[in-house]
Amino acid sequence: MEYNFKEIESNWQTYWAKHKTFAAKDGGDKPKYYVLDMFPYPSGAGLHVGHPLGYIASDIVSRYKRHKGFNVLHPMGYDSFGLPAEQYAIQTGQHPKITTENNIAVYRKQLDKIGFSFDWDREVRTSNPEYYKWTQWIFIQIFNSWYNKSTNKAEPIETLIKVFETKGFNCKLDDTLTGDIEKDLEPFTGEEWKAFDEKKKSDILMNFRLAYLGESVVNWCPALGTVLANDEIKDGVSERGGHPVERKLMKQWSMRITAYAQRLLDGLDALDWTDSLKEAQRNWIGKSEGTSLKFTIHSSDKTIEVFTTRPDTVFGVSFVTLAPEHELVESLTTADNKATVEAYVTQAKNRSERERQADINKITGVFTGSYVDHPFTGKQVPIWIGDYVLAGYGTGAVMAVPAHDSRDYSFAKHFGLPILEVVKGGDLEKESYDAKEGTLVNSDFLNGLEVKNAVKLAIQEIEIHNLGKGKVNFRLRDAVFGRQRYWGEPIPIYYKNDIPYALAENELPLVLPEVDKYLPTEDGEPPLARASSSWKYKGEFDYEHSTMPGWAGSSWYFLRYMDAHNGSVFADKKLTDYWQQVDLYIGGSEHATGHLLYVRFWTKFLKDLGYIDIEEPAKKLINQGMIQGRSNFVYRVNGTNKFVSTGLKKDYETSALNVDINIVNNDVLDVEAFKKWREDFKNAEFILEDGKYVCGFEVEKMSKSKFNVQTPDDIAEKFGSDTLRLYEMFLGPLEQSKPWNTNGITGVHGFLKKLWRLFYSPLPGGEGQGEGINVVDAEPTKSELKTLHKTIKKITEDIERFSFNTSISNFMICVNELTDAKCNKRAILEPLLICLSPYAPHIAEELWKQLGHTESISTVAFPDFNEAHLVDDSINYPVSVNGKLKFTLELPATLTAQEVETEVMNNEQTKKLLEGKQPKKVIVVHKKIVNMVV
RNA sequence: GCCCCGGUGGUGGAAUUGGUAGACACGCAGGACUUAAAAUCCUGUGUCUUCGCGGACGUACGGGUUCAAGUCCCGUCUGGGGUACCA
């Protein structure tokens with residue numbers, strides 16, 4: 001009987017769907033295990049071979065954990081709001097909903113074909129009103145909350161209002177309250193608060209709400225008519241479409257993620273995520289400790305506040321630089337300099353991101369004509385304007401210490417400003433000395449101190465003289481939350497008398513209205529402004545017209561899977577308490593500073609308000625690598641229709657052409673297929689090497705135009721999805737990026753065929769047994785047991801450490817050994833099938849059934865290995881054990897175990913190393929190598 | 001520039017805590033079966049040297065620690081990813 005994967009696979013996929021084999025139960029005695037994949041955006045191109053890489057890995061773990069007795073939750077869904085469907089709608093007029101549904105249908109079909117053990121009853125789609133009702137609900141909770149610094153968590157806004165009513169507010173005194181207090185909110189008393197009108201109260205509270213409407217500089221893309229996040233911009237143009245992006249001040253909905261900066265940073269330590277990913281988040285949050293410091297403007301009582309991490313270098317300040325957008329620029333500019341300064345500021349403002357990128361090394365700046373007094377020396381220090389200072393970070397002003405900061409150094413060199421050395425150790429003729437070590441000089445009371453101590457003393461002095469305060473700054477910015485787009489969740493806000501109000505819970509969902517066109521209106525309003533005039537709150541008040549960004553729906557979806565159909569809460573507390581954190585999360589590293597930060601933020605927020613009990617969404621996270629395309633090339637001899645094989649091309653003048661990888665096998669071109677591929681190659685001639693045409697190759701991104709796109713469907717069609725699953729895992733370590741190539745696919749496919757033959761071969765029973773499985777109940781031999789238990793042990797360890805490629809090697813070794821031993825014994829083959837079933841579930845199920853079992857193999861317990869079967873007869877020691885003292889001895893290979901021990905103990909080298917101590921254990925790893933625990 | 005991760009045969013990659021480097025697979029070469037092909041099976045395959053037994057070298061490069069280094073330490077080269085004037 002042949003291995004007929006097509007029939008087997010479709011039969012079992014039908015069986016699993018019909019019996020709901022993988023439905024997760026909410027509760028029970030078994031321990032829970034939650035395996036989550038980052039859900040895909042259903043694009044029009046369908047699934048390519050890169051998608052399933054992570055899904056296969058998570059599916060292996062899910063199936064393994066089920067065998068191991070866990071109650072496994074392994075769901076899948078779609079991140080179905082997004083720009084491509086909207087762009088398509090703009091071009092064709094087709095509703096994004098239709099496009100999205102069509103794409104999802106294709107994805108689902110492709111996913112089903114691979115045989116994943118998803119619990120499809122829990123599917124979520126972020127664009128379904130039943131889902132985004134709760135995205136909107138969470139938004140409202142965030143809107144109705146503020147961050148209390150003294151309790152270090154988010155609280156309902158009512159508690160803040162109570163504070164205002166009783167104590168009023170003074171930002172200079174009360175730093176337990178966060179918000180935009182730099183804006184110098186006017187202080188008020190409790191009585192005054194009560195007397196404020198509703199608009200005034202709303203405006204004040206807006207400074208504290210965690211979702212707020214605020215003025216912020218945004219990346220505005222005129223071509224797309226929308227605001228883009230930093231991660232949606234590459235090289236100064238929009239990632240999608242490559243349109244130019246401007247910086248623009250706009251009133252925008254934002255999320256006060258900065259309130260959580262410290263907790264987002266601290267939480268990383270306890271997470272089992274890769275170092276590079278945690279590092280990326282740390283850099284993104286960008287904590288820097290330093291101090292604020294005020295410089296008084298000469299002959300004025302106004303001050304300029306700067307932030308510095310190097311207060312120790314304060315005596316090296318030779319000028320102060322303001323960002324062009326700084327609010328004091330105008331008032332500081334003297335009449336003589338007015339024209340140049342204005343010209344500079346205008347130019348800097350209009351300089352797009354791209355231009356700034358292009359001349360990053362070009363130093364520009366102007367002098368204002370004004371001075372500040374140095375806070376310690378009292379000397380006059382000039383005030384400059386330079387666009388290397390960013391308005392958005394710190395205070396938008398820096399104290400320039402050219403001797404010890406490379407940017408200040410270039411600026412000073414360029415404009416001929418003084419460079420004063422205050423830390424010894426560098427050569428200031430050549431470059432600045434930025435290192436945070438050395439001895440302070442020319443620095444009054446700091447002289448002779450090491451940098452570390454000087455920093456401390458400087459902060460002390462600054463605080464004593466009331467010049468500033470030790471301070472922590474974060475690079476992390478609040479996240480802009482509004483998008484001027486159609487295909488997203490409507491923000492559940494309406495405006496009455498110019499005051500924004502949140503919808504009540506029973507008014508949700510606020511359903512996305514129909515529009516005639518998906519473009520912004522002529523006067524720049526978002527597409528939702530095109531909705532019919534009846535789309536108003538209570539028929540009267542305007543709704544917010546912007547929609548939520550792509551990351552909104554994905555910031556809490558892991559919770560919805562726990563209770564996917566609940567109409568009365570986002571997820572029942574009982575269920576979130578049961579399922580807790582995601583135990584294993586698998587997805588791409590491109591989400592390091594986007595999705596993975598936002599989902600942590602929302603999780604912490606929901607915990608603060610008591611809706612869930614976990615602080616972090618995912619305990620362990622693995623980034624699967626990217627799969628690149630592997631293109632093939634043919635080389636046409638210039639000016640002819642002759643093609644030369646790659647090994648001989650150096651003898652000719654050639655040009656390379658991409659060739660369809662489907663007519664190339666292991667880099668060998670199917671010459672006849674090539675002639676048929678394109679009309680102009682009909683009469684092609686070939687210069688062959690060894691009778692073959694060998695193509696060149698290159699690793700590139702997968703793309704239609706390079707003819708190198710591999711869909712999983714082709715492989716599944718040709719070899720079956722068990723082969724696809726094995727092969728994707730066999731390609732290399734999960735986390736590594738690698739080019740896709742099918743060169744080795746015959747290897748894993750051959751393995752499955754070999755396995756099949758193990759069950760069907762006419763072994764001991766003799767020839768002519770006819771159709772039917774040929775497995776016997778005989779007692780296994782010692783060496784057969786060793787093969788099996790060795791394999792179980794390795795597979796178990798491999799899965800536990802996510803090393804799927806090596807486990808497949810171990811299966812191959814096992815099957816090779818059993819084939820050599822002509823072993824067809826039930827006691828060996830059955831446990832082996834169970835081990836294999838997470839990897840190649842269809843064939844495992846089929847053979848399991850053929851062996852006479854009626855239940856699905858996925859319900860069977862994973863076999864345990866027995867250490868006793870692993871012991872080698874010739875050496876009576878465990879094969880490897882932890883040993884502190886390890887050394888090599890040259891011993892004759894013929895010794896028995898007892899003789900080895902005697903020989904080891906009598907050996908001169910051993911005696912020397914032991915120094916008279918008695919070893920607790922002697923382990924012979926190999927006949928030559930001895931490990932001892934002393 | 002800064003941060004992170006890598007560099008092992010012709011190829012993808014093994015080597016879990018420092019302990020027989022190159023498992024497993026691809027490719028290649030030779031052979032068996034076959035009229036032939038496909039499929040399948042067997043043998044060989046790091047480099048140099050040797051008829052052979054064997055020997056020497058070998059994990060990017062240069063040093064070091066150790067009885068023992070792909071693995072640890074220092075320096076150099078190099079590939080990939082992240083980030084970008086963050087004071």
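Chain letters run A, B, ... following the sequence lines, proteins first, then strands; residues in each count from 1. Side chains are part of it too, since the values below use all heavy atoms of this structure and drop only hydrogens, waters and symmetry mates.
- Across all strands, A:F751 comes closer than 4.0 Å to no nucleic acid atom at all (heavy-atom distances).
- Nucleotides B:C24 and B:G46 place their P atoms 12 Å apart, quoted to the nearest Å.
- The side-chain hydrogen bond (donor to acceptor under 3.5 Å, both in side chains) search around A:T258 returns A:D478, not counting sequence neighbours.
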Pairing string of RNA chain B (Watson-Crick or G-U wobble, both atom distances under 3.5 Å; | = paired to other strand) is (((((((..(((......[....)))((((((.......))))))((((....))))..(((((..]....))))))))))))....

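- The shortest distance between the side-chain N/O atoms of A:Q736 and the OP1/OP2 oxygens of B:G13 is below 4.0 Å.
- Listed by chain and residue number, A:H842 satisfy the side-chain hydrogen bond (donor to acceptor under 3.5 Å, both in side chains) test with A:D722 (two or more places apart in sequence, or in another chain).
- Between A:R475 and B:U83 there is no side-chain N or O to OP1 or OP2 distance below 4.0 Å.
- By the side-chain hydrogen bond (donor to acceptor under 3.5 Å, both in side chains) test, A:N283 pairs with no residue at all, sequence neighbours left out.
- Note on A:N805: a side-chain N or O is less than 4.0 Å away from OP1 or OP2 of B:A14.
- At B:U40, one or more side-chain N or O atoms of A:K753 fall inside 4.0 Å of OP1 or OP2 (strictly under the cut-off).
- Taking atom P on both B:C85 and B:C77, the two are 27 Å apart, rounded to the nearest angstrom.
- Between A:I808 and A:M399, the residue anchored closer to the 5' end of RNA chain B is A:I808, taking for each the nucleotide with the nearest heavy atom.
- Counting any heavy atom pair closer than 4.0 Å across all strands shown, A:N816 reaches sugar-phosphate atoms only and no base atom.
- Proximity note for A:L390 (side chain, C-beta onward) versus B:G12, B:U16, B:C85: the nearest is B:C85.
- Evaluation of the side-chain contact (heavy atoms from CB on, under 4.5 Å) rule for A:E305 yields A:S292, A:K294, A:T395, A:K471 as partners, not counting sequence neighbours.
- Ring pair A:F319/A:F415: centre-to-centre distance not below 6.0 Å.
- Remark: A:R282 pairs with A:L265, A:L268, A:D269, A:K278, A:E279 by the side-chain contact (heavy atoms from CB on, under 4.5 Å) rule, at least two apart or across chains.
- Each of A:S737 and A:V748 was assigned the nucleotide of RNA chain B with the nearest heavy atom; the assignment lying further toward the 5' end belongs to A:S737.
- With sequence neighbours excluded, no residue forms a ring pair (Phe, Tyr, Trp, His ring centres under 6.0 Å) with A:Y433.
- At B:A87, none of the side-chain N or O atoms of A:Y388 fall inside 4.0 Å of OP1 or OP2 (strictly under the cut-off).
- Within residues 286-295 of chain A, the residues approaching RNA chain B are A:S288, by heavy-atom distance under 4.0 Å.
- With B:C3, B:A14, B:C26 as the choices, the nucleotide that has an atom nearest any side-chain atom of A:N283 turns out to be B:C3.
- A donor-acceptor pair shorter than 3.5 Å cannot be found between the side chains of A:H404 and A:T313.
- Within 90° of 0 lies the glycosidic angle of B:G9, which makes this nucleotide syn.
- Under the side-chain contact (heavy atoms from CB on, under 4.5 Å) criterion, A:L818 pairs with A:L758, A:T787, A:C814, A:C823, A:I828, A:L829, A:L832, sequence neighbours left out.
- Checking the phosphate oxygens (OP1, OP2) of B:C5, no side-chain nitrogen or oxygen of A:N623 falls inside 4.0 Å.
- In this structure, the ring of A:F5 has its center no less than 6.0 angstrom from the ring center of A:W756.
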